[in-house]
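Values reported hereafter were calculated over all heavy atoms of this structure, with side chains retained and with hydrogens, waters and symmetry mates removed. Within every chain, numbering begins at 1; the chains are lettered A, B, ... in the order of the sequence lines, protein sequences first and strands thereafter.
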Amino acid sequence: MPVDLRWVWAKSVMDDHGRPTHWLPLQQHLDDAAGVAARLVDHWVSPQVLGRIAKDLGGDVDAVRELACWLARVHDVAKASCAFAVQVPLLADRMRDAGIVANPMLMTHPDRSRAHHTVVGYLAVRDFLAAEVGPVFADQMASVVAAHHGVPPERSTLAEVAGLTELIGGGVWQEAREFFLRRASEGVDWSRYQDIRLSMPSQVLLTAIVILADWIASNADYFPLLEAHEPPRDLDTAARVDHAWKRLALPRRWRASPVSSNVDAAFSERFAIPGGVVRPVQAAAVEVAATQSVPGLVIVEAPMGVGKTEAALLAAEELAARSGADGVFMALPTQATTDAMFDRVRSWVEALPGRDGSVSVTLAHGKASLNDTFTGLVRDGWFTSVGEDGEHDESAVVAHRWLSGRKKGVLASFVVGTIDQVLFAGLKSRHLMLRHLALAGKVVVIDEVHAYDVYMSQYLERVLHWLGAYGVPVVLLSATLPAARRVRLVAAYDGTPAPAVDGYPLILASGGTAPKVLPLPGNGTTVALDRLSDDIEQVVTFLREHLREGGCAVVVRNTVGRVQATAERLEQEFGVEHVTVNHSQFLSCDRARIDRELLRRFGREGERPALHIVVASQVVEQSLDVDFDLMVTDLAPMDLVLQRLGRLHRHPRKRPEPVTTARCAVVGVEDWAAEPVRAVAGSRAVYGEHLLLRSVALIVERDKVALPQDIAPLVQRAYDEDPVGPESWQSALARAKKRADDDEVRRVAAARTFLLDKVGSSRKSLIGWVRAGVGDADDGREGLAQVRDGGESLEVLVVQQDRHGGLHTPQWIDRGGGDPVPTDLPIEPPQERVVAACSLRLPRALSNPGVDLAVISALEKNCFPSFHSSPLLKGQLVLVLDVNGEADIGHGDVGFHVRYDPRRGLVHERR
DNA sequence: AATAAAAAAAAA
Ligand SMILES: [Fe+3]
């Protein structure tokens, strides 16, 4: 009598006592997964992705479907192995009764966990396919099966596990595996795949489809299990898949249409500007996107305020229409700008044609759960898709309940996220394939590319390399880039040289497309430069003189300490009410309040005070569209100085007579008469000597800067290799360059640790793909590999304690301040969000290697059960301030005294 | 020689 292989089990659910309550036969799980894979390919996976895989299969999309379904139908084939089956004695016993016998003692075999079903699956699939197709393709297909838990094994592991024959199981076990492999192959003509090789991109994408099919098919809400006591029976797979797919109700694909035939109409519809006409940058970006030989990389270099975002979105539509992308991933450098962009992108999505019902959106960053718009959409997503028929919800935009969380959230069609979420695609980590699938189906837009340092650029360039290999169109938005950076970005994407051009604003593209230099906007600003000594009294005099009839000034300092010291002197001189302080050492809710306030007063339609001085760190350099009459700045690298100068006379308006000419005093140097001119120590610590020397060499030779026409030449000179400055500076410059180069080498090396390898040849399989990666260790604080430079900075939640020991939210904050916070009972959800918004990133002095562990130990003493039981607050360090906003942080021989002042931020001193 | 800004964490 033939053995009934339906007794081979794949899924089991246990009760609290470890007894199985439910189970599912392997055969059914494989059929379910294959059914889901087919639906995914037919209805959900981006045409751009299908096209990419099909490229390796002679352009045949049906073959993509065939391979995806076959892989899903064999992915768990090695659950038909002794090592796996013995894990649940009850189910193993029933298999034994059916004639599939394993030794129960194998349960405790020391190598049992090494004979994992992913690795044994590799061996089974490879051996099966080797008889049908070439060895390379067999290895590649098998590697997809091996990778279906997110980390493919190493080559050495394969050989070791192959020797564990007792755990793998021969005889009936071998026959069982071959049975399932043959069963999956019914109707597959392997001779068609004789000469096929899969590129790495295709293998990664197929793996991602298999993983998703597995996850969906493993969800018992969609695919019900059998009761533990039930024998196997033939379930109606088609009906199960149909039911599950309706319940899951994934949003439809988006089909883009070209906009180039009538850009103005598209522009006015998308952005709700009746009769709107595109601006030059927007028209040019769309034209380049439309005429590029193959949709590829487009770089838009232009100043803030010329409509770059709209240019990128319109270009993305054009590129998507050509490439088959069914979504857009927009990445920005900070959570705050990401939140703001989310609302803009959402309005654009709502106005998009080509939606068939709802499309899915995600806000992707670490604090997305604090964003009210997004959490609202998440709630709607739960609410609307509970219905059985699912599809007829008419809201244009949903945060789909299944496309949520760190790994699946980015699979939504439209994602707005921090740049980190894109850079993670270059970081060896578990389930990396899903992040690749998320990017590979879309057009990727990356904002503020000029702002990324050497370390992040390693990741950015590697990700661009993979995106190029996937055929993903990419739009990079930037201020002017040093030519060398531009060349590296284009080369990273598709290995071609960047066209040699100078100019600004500039649009260039990969694939030999002619670059476009656009006319500069006519209404420029010429800034007069003054050079003052680093004496604060000189700054006072300068401000006194030029603000004699009032006006709004900004003083930009390079360190928080200098900001705080300057603010103290200026408050004394001009009065507290005329001075605002801004830097990163504020609670995030306070920082948000200060930013809002700055925009309200110094923004485009701002209610400008008669006299005011903002003292700030680099936080005013980026993003905020604020306008000042007068500036004082610490010497900084040239591109940053220019960014700062961009905050002068930015909007047309009437200004007090003494500041009708834009004027900036450069300070923060030790001695303007010295050779060379050196920046103060704090600035050197932040930026390094070399960039500062090159910057100041260009500043000493001029008394004014014309914006925007001087920007491109100044940035190029500051960052190219040609000598700058007088002869007497050259030896110092050379020494500084050597140190900067050494430092860069160190940072590049640090970035490489977890950097994903390049695509490599088509002979390769996924085996070892994330070798030496974070692997299993990507959970928890220690193992978290990074895409940003520098040691881990410590983030704390700040609460206050009254004289009786009761906790309350900080007294001064805008929303929910001074309310009691329970220490044991659960914190109410609205208050959870208030507390979560009181986060503060501690300064370097408190998180340096050497003191960090002591600081963590000290803060870990502030441990409250109420925090621990809250998903939002759990695991975070807590800083408890007394009624005066002060605290001692001490452990062992490390001790700090900190004081928080809502006007000045955190002040610390070592004791 | 003394330090900016910025981000981050669940799978079958
Ligand atoms: Fe599995």
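At a cut-off of 3.5 Å, with distance as the only test, a side-chain donor of A:D339 or A:H365 sits close to an acceptor on the other residue.
Candidate nucleotides B:dA4, B:dA6, B:dA8 were compared by shortest atom distance to the side chain of A:S793, and B:dA8 ranks first. Among the nucleotides B:dA12, B:dT3, B:dA7, the one closest to any side-chain atom of A:N848 is B:dT3. The side chain of A:H431 has B:dA12 as its nearest neighbour among B:dA2, B:dA12, B:dA6. Looking at the side chain of A:T559, the nearest of the listed nucleotides B:dA5, B:dA4, B:dA12 is B:dA4. Among B:dA12, B:dA8, B:dA4, the nucleotide with an atom closest to any side-chain atom of A:S617 is B:dA4. Here the nucleotide nearest the side chain of A:T418, chosen from B:dA7, B:dA6, B:dA1, is B:dA7.
Applying the 4.0 Å criterion to OP1 and OP2 of B:dA6, one finds that A:R788 has every side-chain N and O outside that range. The side chain of A:R678 places no N or O atom within less than 4.0 Å of a non-bridging phosphate oxygen (OP1 or OP2) of B:dA1. Neither OP1 nor OP2 of B:dA7 sits under 4.0 Å from any side-chain N or O of A:K367. The phosphate of B:dA12 has neither OP1 nor OP2 within less than 4.0 Å of any side-chain N or O from A:H29.
Between A:Q618 atom CD and B:dA5 atom P the separation is 6 Å, expressed in whole Å. When the C1' atom of B:dA7 is taken as reference, atom NE2 of A:H365 falls 10 Å away, rounded to whole Å. The nearest whole Å value for the distance from the CZ atom in A:F754 to the C1' atom in B:dA8 is 14 Å. Put simply, CG on A:N558 is 14 Å from P on B:dA6, counting in whole angstrom units. Rounded to whole Å, atom P of B:dA12 lies 7 Å from atom CH2 of A:W215. Separating the CG atom of A:L212 from the P atom of B:dA10 is a distance of 17 Å, rounded to the nearest angstrom. With rounding to whole Å, A:Q585 atom CD is found 12 Å from B:dA6 atom C1'. Nucleotide B:dA5 holds its C1' atom 16 Å from the OH atom of A:Y455, rounded to whole Å.
A:V77 and A:L30 make their closest contact through N-CD2, 4.4 Å (heavy atoms, listed as atom of the first residue, atom of the second, distance).
Taking the six-membered ring wherever Trp is involved, the centroid distance between the rings of A:H29 and A:H75 falls below 6.0 Å. Centroid-to-centroid, the aromatic rings of A:H436 and A:W769 come within less than 6.0 Å.
Taking 3.5 Å as the limit, the base of B:dA4 and the side chain of A:S683 contain no donor-acceptor pair of atoms between them. A donor N or O paired with an acceptor N or O is not found under 3.5 Å between the base of B:dA5 and the side-chain atoms of A:T334. Looking at A:R841, its side chain comes within 3.5 Å of the base of B:dA7 through a donor and an acceptor atom.
If you check every strand for non-hydrogen atoms under 4.0 Å, A:G405 touches nothing. Within 4.0 Å of A:H148, counting heavy atoms only, lies no atom of the nucleic acid at all. Looking at heavy-atom distances under 4.0 Å, A:Q421 makes contact with sugar-phosphate atoms alone, never a base. At a threshold of 4.0 angstrom between heavy atoms, the contacts of A:R562 with the nucleic acid are absent.
The nearest heavy atom of DNA chain B to A:A681 and to A:H583 marks one nucleotide each, and the one closer to the 5' end goes with A:A681.
Under the 4.0 Å criterion applied to side-chain N and carboxylate O atoms, A:D743 and A:R739 are not assigned as salt-bridge partners.
Contact of the A:Y452 side chain with the A:I446 side chain is registered, since non-hydrogen atoms from C-beta on lie closer than 4.5 Å.
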